[in-house]
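Everything below concerns the one structure shown next.
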Amino acid sequence: MNKIADIFQSLDYGPAPESPEPALAWLAGHGNRFGHFINGKWTKPGKTFASDNPATGKTLAEVTDGTAGDVDKAVKAARAAFPKWAALGGYERAKYLYAIARLVQKHARLFAVLESLDNGKPIRESRDIDIPLVARHFYHHAGWAQHLEREFPGMAPYGVCGQIIPWNFPLLMLAWKIAPALAAGNTVVLKPAEFTSLTALLFAEICDKAKLPPGVVNIVTGEGATGAAIVEHADIDKIAFTGSTEVGKLIRRVTAGTGKGLSLELGGKSPYIVFDDADIDSAIEGLVDAIWFNQGQVCCAGSRLLVQESIEGRFIDKLKARMATLRVGDPLDKAVDIGALVAPVQVERVRDLVQKGVAEGGQLYEPDFDLPEGGCFLKPALITKVSPAHTVATEEIFGPVLVAMSFRTPDEAVALANNTRYGLAATLWTENVNLALDIAPRLKAGVVWINGTNHFDAAVGFGGYKESGFGREGGKEGMAAYLKPSWEKTLKVAPSAPARVGTFTEPDSTGIDRTAKMYIGGKQARPDSGYARPVFGPAGDLVGEVGEGNRKDIRNAVEAARGALGWGTTPAHNRAQVLYYLAENLEYRSDEFARRLRAQTGDSPAAAQKEVAASVERLFAFAGWADKYDGAVHNPPARMVAIAMVEPIGVMGIVAPERRPLLGAIALLAPALAMGNSVVLVPGERAPLSLTDFYQVLETSDVPAGVVNIVTGPVAALAKTLAEHDGVDALWVAADAAISAMVEKASAGNLKQTWTTRGLDHDFADRAKFEGDYFLRRATQVKSVWVPYGG
Amino acid sequence: MSLRVVDRPTSPPPSKGPQRNPGFPLDLDWVGRIRMNRSALERRAASIGTRRTVKKEWQLGWLLKAITLMDLTTLNSDDTPGRVERLCAKARHPVRQDILDGLGAGELRIVPAAVCVYHAFVATAVKALEGTGIPVAAVSTGFPHGLAPMATKLREIEESVAAGAQEIDIVIERQMVLNGDWPALYEQIRAFRKACGDAHIKTILGTGELATLTNVAKASLVCMLAGADFIKTSTGKEKVNASLPVSLAMIRMIRWFHEETGIEIGYKPAGGIAAAKTALDYMALMKEELGTHWLTPHLFRFGASSLLTDIERQLEHGLTGHYAADYRMPMV
């Protein structure tokens with residue numbers, strides 16, 4: 001029989017190749033050697049490294065390994081271009097972004113083919129997912145550029161942004177970084193990943209075609225050292241990084257104390273939960289989009305299957321059958337599901353982890369078909385008999401490997417889902433809307449997909465909780481990550497406040513001795529150390545004594561605060577009531593608080609009264625905010641809604657300022673409480689008595705135990721313990737530059753979100769700055785919950 | 001799940017060839033457990049044509065197969081014996097011989113799986129197809145609405161079978177689905193099946209009128225439990241006919257039914273499938289969800305008429321490299 005007659009019988013698929021020729025011709029047009037794109041011009045190639053096609057191992061082009069000098073040139077170009085670009089006006093910038101979107105669309109296939117050649121992802125994905133999302137991102141942000149002033153009043157661009165992107169979605173991550181940065185008026189220096197520089201270089205050509213002013217976008221290729229040069233460069237105002245959690249922590253440490261803005265989009269081990277009332281076949285198909293999308297090299301890949309025990313057997317059987325029909329092969333074949341991993345080193349890494357999984361008792365299933373010869377190919381893999389104690393259940397594998405566990409109840413599903421250091425994404429499948437909307441808010445992840453997975457859109461924020469990073473990309477929250485209040489740029493260094501030396505005379509009191517304790521878990525607590533520290537007035541007179549807190553007191557306080565996380569799900573109206581009540585009770589005792597302030601600060605009676613009154617007003621203000629600072633519903637271009645839920649961050653450490661000791665503390669405490677966080681508060685050293693007095697107000701105001709905990713003592717040491725504590729999710733520190741830098745650096749352990757004053761003089765009495773969303777935004781994180789619908 | 005077979009076949013099944021669906025008791029618990037998520041099905045359906053494609057010789061081989069999976073159909077109120085005879089003549093020679101020979105497929109038996117007509121033309125079609133082995137299928141039971149009296153519907157089946165129809169495409173009463181009256185639907189299909197005797201029964205769901213994909217899936221299951229040999233989407237007369245998401249809902253029920261009973265049920269999308277590329281998408285969907293094995297006339301049919309001409313054009317294009325014109329193909 002001839003070939004057609006054979007095929008008539010076998011009904012095989014056969015090859016369906018997309019031609020690589022146009023992309024290869026483009027590379028050849030550049031002599032297969034590239035320099036950097038700096039200040040609108042190509043530099044001469046320097047020392048280069050090879051960019052290989054992972055499906056064949058063949059070198060596609062030589063790319064320049066950027067030096068610190070190259071980075072410096074690029075930063076200088078970006079700096080020079082910044083003032084004019086920022087001053088250009090939204091409409092003008094919008095037109096450039098629109099032009100880029102159009103040009104990306106015009107050259108969509110070239111981008112797609114080049115991406116698949118360089119990265120190894122199937123052409124179907126680069127053609128149908130990556131590149132269309134790139135164009136959509138630029139279109140969407142053209143709109144933000146134009147409406148910036150109206151939507152973000154009082155905000156200004158950072159300046160020069162250093163952006164470092166990964167190799168798994170090379171052009172898409174470039175778009176996620178560059179589009180909002182440019183829309184906001186920043187200029188950028190971007191480094192693509194060393195494995196996948198080529199589409200970024202093609203993009204540089206697009207910028208040229210769009211006649212983007214020189215220096216607005218600079219592309220510097222290179223490896224880790226080039227990235228480090230960007231992170232360390234003194235004249236970069238903001239770093240945006242997508243990549244591994246390990247490198248993210250490094251960047252956090254390096255940028256600590258520099259005042260650089262920072263957003264990190266890091267790793268994940270995202271749960272994929274299937275309840276017994278799900279559409280099972282669809283949930284299995286969803287897994288194909290979750291873990292076998294882009295060879296599993298997706299930060300938000302649904303890599304941990306949690307399936308309800310009652311359907312586990314049937315589900316796993318069906319899943320194995322589905323895996324057997326996946327097609328692994330030439331990324332340029334249009335009928336291939338899984339292409340090549342990005343590089344041999346990744347293949348090795350994945351193999352090692354799978355072996356470890358098996359060694360630890362996991363059961364490996366791989367479908368029985370042949371892989372193409374050579375190239376970075378791996379079979380889709382499923383590991384069952386896995387427990388949370390296994391390496392493969394906790395480590396990000398970043399490959400086509402799914403691990404499966406079962407759960408018994410919705411509560412257990414949530415517990416298992418959250419049993420990870422990461423918090424990027426989560427997927428859940430159920431046909432029960434009550435269950436879905438109950439579970440989604442309980443999952444500690446920045447993105448939750450209901451009955452679907454790996455949906456992305458420029459209008460919807462994307463980013464992680466916990467060690468998956470902070471900052472959002474996409475949507476209004478993504479724009480906010482490239483803007484800061486204009487006034488932040490005008491802050492002056494706060495006058496230093498030397499420690500007071502006192503006389504240790506007994507306080508002038510005829511009444512009964514008042515012992516200021518700490519306040520932990522709703523109870524007054526003696527310091528673990530058994531020591532007290534004196535509080536001196538301005539004249540050196542002993543005003544009182546407070547406990548000398550140490551790391552164990554912080555430990556106890558954080559424990560209590562974690563136990564009080566239910567505050568975050570207390571209805572906002574009820575939280576508001578508590579804050580109003582606090583205001584009411586504080587006002588009732590305003591004379592006493594004013595006297596205490598004066599004793600510690602030496603302020604005038606009027607000033608002290610004013611501070612108490614302002615504190616009452618601030619509590620009142622945030623009581624009002626509690627039920628109003630809420631989310632949004634986005635409309636991605638598909639039949640689904642994406643709910644942007646505003647959620648508390650969790651346990652917050654707050655180190656209150658020395659100046660205006662009561663108001664300063666309330667200014668930070670009130671928004672944290674209003675948004676549902678529980679707090680460990682460390683008063684400033686000079687006037688802690690105003691806050692130890694405050695626990696009596698707390699006790700009389702229905703504040704649940706553990707929601708506010710107060711630990712007095714040496715600020716630097718306590719702040720360090722808070723910064724290093726993995727149970728603290730965010731830390732606000734109003735202190736000098738040294739303490740600020742120290743806590744930023746120490747916060748890298750669990751990548752807690754930090755806000756510090758860096759020794760700059762923040763006037764917390766300024767209602768215009770601090771009575772609104774400045775702290776509300778920092779006290780919350782946005783979770784995007786995607787809900788497809790259709791009866 | 002354990003299901004008791006309702007009717008054991010009176011004679012043991014032939015040693016070769018698949019077992020016919022014997023029918024099973026109505027299992028309302030099973031029906032109640034069906035979940036179909038429309039968005040997810042649509043997402044899967046939308047990507048089938050982009051995840052899978054066949055090119056060059058593979059495309060031609062698949063298109064030849066598509067012809068053999070076709071119920072070549074005419075179901076118009078103005079049909080006449082002459083029109084039906086012309087359709088049958090085309091069924092005898094669905095592709096120009098020079099094209100088949102050129103493709104090296106001259107030796108393959110490329111004929112449609114059946115010719116599908118109204119009862120009034122069964123005899124005409126049987127006569128016109130004499131000696132070809134191509135069976136005649138009759139639409140029945142008050143097609144397309146299905147609302148004739150039960151006795152009339154049963155009689156219609158019997159008459160068609162008597163006239164030589166080997167396959168009967170019945171229509172279900174959509175009201176029974178919309179009102180969730182599964183026992184009524186089950187009983188009716190059982191009665192139809194009995195009336196069919198040895199003729200194979202295809203149950204047309206009228207999916208465009210069933211509102212939800214979960215309804216489609218439940219109706220599919222009830223029909224299969226009642227003994228359907230095939231489940232079929234549409235009459236071609238509803239506003240919305242066959243679609244890939246509807247097909248997914250139905251073939252996933254066929255898969256589930258097979259997992260539970262071991263019985264293979266056929267699937268027939270009908271209405272609106274006019275382009276060769278669309279036919280290939282349906283075939284890829286079947287191959288992906290049910291396996292290559294299901295792509296035989298015994299288990300998969302297209303209800304179509306103009307599709308044949310488009311396929312013939314594509315075959316000629318594959319042979320000559322020139323785009324083809326429909327007037328060069330003998331009309332259906």
Side-chain angles (χ1 to χ4, degrees), chain A residues 1-17 122-125 127-129 276-286 288-289 311 314 317-318 321-322 324-327 333-337 429-432 450-453 455 638-640 786-791, chain B residues 33-44 46-47 50-65 67-68 100 102-108 110 211-215 217 245 248-249 251-253 255-256 259 283-284 286-289 291-293 295-296 315 318-319:
Chain A
M1 275 202 290
N2 84 342
K3 196 167 172 187
I4 292 174
D6 272 343
I7 296 164
F8 175 82
Q9 299 298 346
S10 71
L11 291 177
D12 286 340
Y13 282 117
I123 184 71
R124 178 189 77 86
E125 294 179 7
R127 179 196 65 198
D128 296 350
I129 300 171
D276 63 358
D277 64 350
D279 173 350
I280 289 178
D281 288 311
S282 290
I284 284 168
E285 199 56 43
V288 174
D289 293 328
I311 57 166
R314 182 161 160 248
D317 287 348
K318 279 175 162 282
R322 178 65 183 94
T325 63
L326 290 169
R327 303 187 79 224
D333 190 312
K334 294 169 196 165
V336 146
D337 298 307
W429 287 81
T430 169
E431 289 299 297
N432 178 348
I450 295 174
N451 293 333
T453 202
H455 302 298
R639 200 187 58 225
M640 48 180 89
W786 292 74
V787 192
Y789 55 88
Chain B
R33 278 190 287 136
I34 292 171
R35 304 277 185 279
M36 289 287 159
N37 186 288
R38 179 181 287 276
S39 294
L41 290 165
E42 286 174 353
R43 191 174 160 90
R44 166 67 166 154
S47 74
T50 57
R51 276 187 186 275
R52 294 292 179 263
T53 179
V54 280
K55 302 290 183 195
K56 299 204 161 73
E57 295 95 331
W58 284 268
Q59 188 176 88
L60 300 173
W62 280 52
L63 288 175
L64 287 171
K65 177 66 78 173
I67 294 171
T68 68
L100 287 178
L103 295 174
E107 299 304 306
L108 298 174
I110 306 291
T212 69
L213 293 178
T214 300
N215 275 349
L248 252 184
I251 66 182
R252 283 182 175 172
M253 288 314 300
R255 188 166 69 189
W256 195 0
E259 285 162 9
M283 289 171 71
M286 291 300 289
K287 183 175 164 78
E288 288 295 308
E289 295 277 328
T292 312
H293 164 70
L295 288 171
T296 66
L315 290 174
L319 180 64

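It should be emphasised that the depicted structure is a prediction, and the values quoted were computed from it without experimental measurement. Residue numbering restarts at 1 for every chain, and letters A, B, ... go by the order of the sequence lines.
- Only the side chain of B:Glu259 comes within less than 4.5 Å of a heavy atom in chain A; its backbone stays farther off.
- B:Trp62 has its ring centre less than 6.0 Å from the ring centre of A:Tyr13.
- A salt bridge links A:Glu285 with B:Arg44: the distance from a Lys NZ or Arg NE/NH1/NH2 to an Asp or Glu carboxylate oxygen falls below 4.0 Å.
- Between chain A and the options B:Glu288, B:Lys65, B:Met283, the largest number of non-hydrogen pairs under 4.5 Å is found for B:Lys65.
- Contacts with chain B were tallied for A:Asp289, A:Ile280, A:Val288; A:Asp289 has the most, counting heavy-atom pairs under 4.5 Å.
- Looking only at heavy-atom pairs under 4.5 Å with chain B, the residue among A:Lys318, A:Arg314, A:Arg127 that has the most is A:Arg314.
- With hydrogens and angles ignored, the 3.5 Å screen pairs no side-chain donor or acceptor of A:Ser282 with any backbone N or O of B:Ala40.
- If you measure heavy-atom distances from B:Arg52 to chain A, the contacts under 4.5 Å come from both the backbone and the side chain.
- Contacts of A:Pro15 with chain B are made by both backbone and side-chain atoms, with heavy-atom separations under 4.5 Å.
- Per-residue heavy-atom pair counts under 4.5 Å with chain B were compared for A:Thr453, A:Asp337, A:Asp317, and the maximum is reached by A:Asp337.
- In this structure, a donor-acceptor pair under 3.5 Å is absent between the side chains of B:Thr53 and A:Lys334.
- With chain A as the partner, the residue from B:Lys287, B:Lys55, B:Glu42, B:Gln59 showing the most heavy-atom pairs under 4.5 Å is B:Lys287.
- For a residue to count as touching a neighbouring chain, one of its non-hydrogen atoms must lie under 4.5 Å from one of that chain's; by this rule B:Thr68 touches chain A with the side chain only.
- Your options are B:Arg43, B:Met36, B:Lys56, B:Arg255, and the one with the most heavy-atom pairs under 4.5 Å with chain A is B:Arg43.
- Contact of A:Arg327 with chain B is made through backbone and side chain together, with heavy-atom distances under 4.5 Å.
- Only the side chain of A:Asp128 comes within less than 4.5 Å of a heavy atom in chain B; its backbone stays farther off.
- For the residue pair A:Asp277 / A:Thr430, a side-chain donor-acceptor distance below 3.5 Å is found, with atom types taken as modelled.
- Heavy atoms of B:Glu289 lying under 4.5 Å from chain A belong exclusively to its side chain.
- Looking only at heavy-atom pairs under 4.5 Å with chain B, the residue among A:Val336, A:Asp276, A:Asn451 that has the most is A:Asn451.
- Side chains of A:Arg322 and A:Thr325: a donor on one and an acceptor on the other come within 3.5 Å.
- Of the atoms belonging to B:Ile110, it is side-chain heavy atoms, and not backbone ones, that fall under 4.5 Å from chain A.
- Looking only at distances, no side-chain donor or acceptor of B:Ser47 sits under 3.5 Å from a matching main-chain atom of B:Thr50.
- For A:Ala278, the part lying near chain B is the backbone, with the side chain staying farther off; criterion is any non-hydrogen pair under 4.5 Å.
- Counting heavy atoms from C-beta on, the side chains of B:Leu315 and B:Leu103 come closer than 4.5 Å.
- Checked for salt-bridge contact, B:Arg51 and A:Asp333 miss the test: no charged N lies under 4.0 Å from a carboxylate O.
- Under the side chain to side chain contact (heavy atoms under 4.5 Å, CB included) criterion, A:Ala638 pairs with A:Met640, not counting sequence neighbours.
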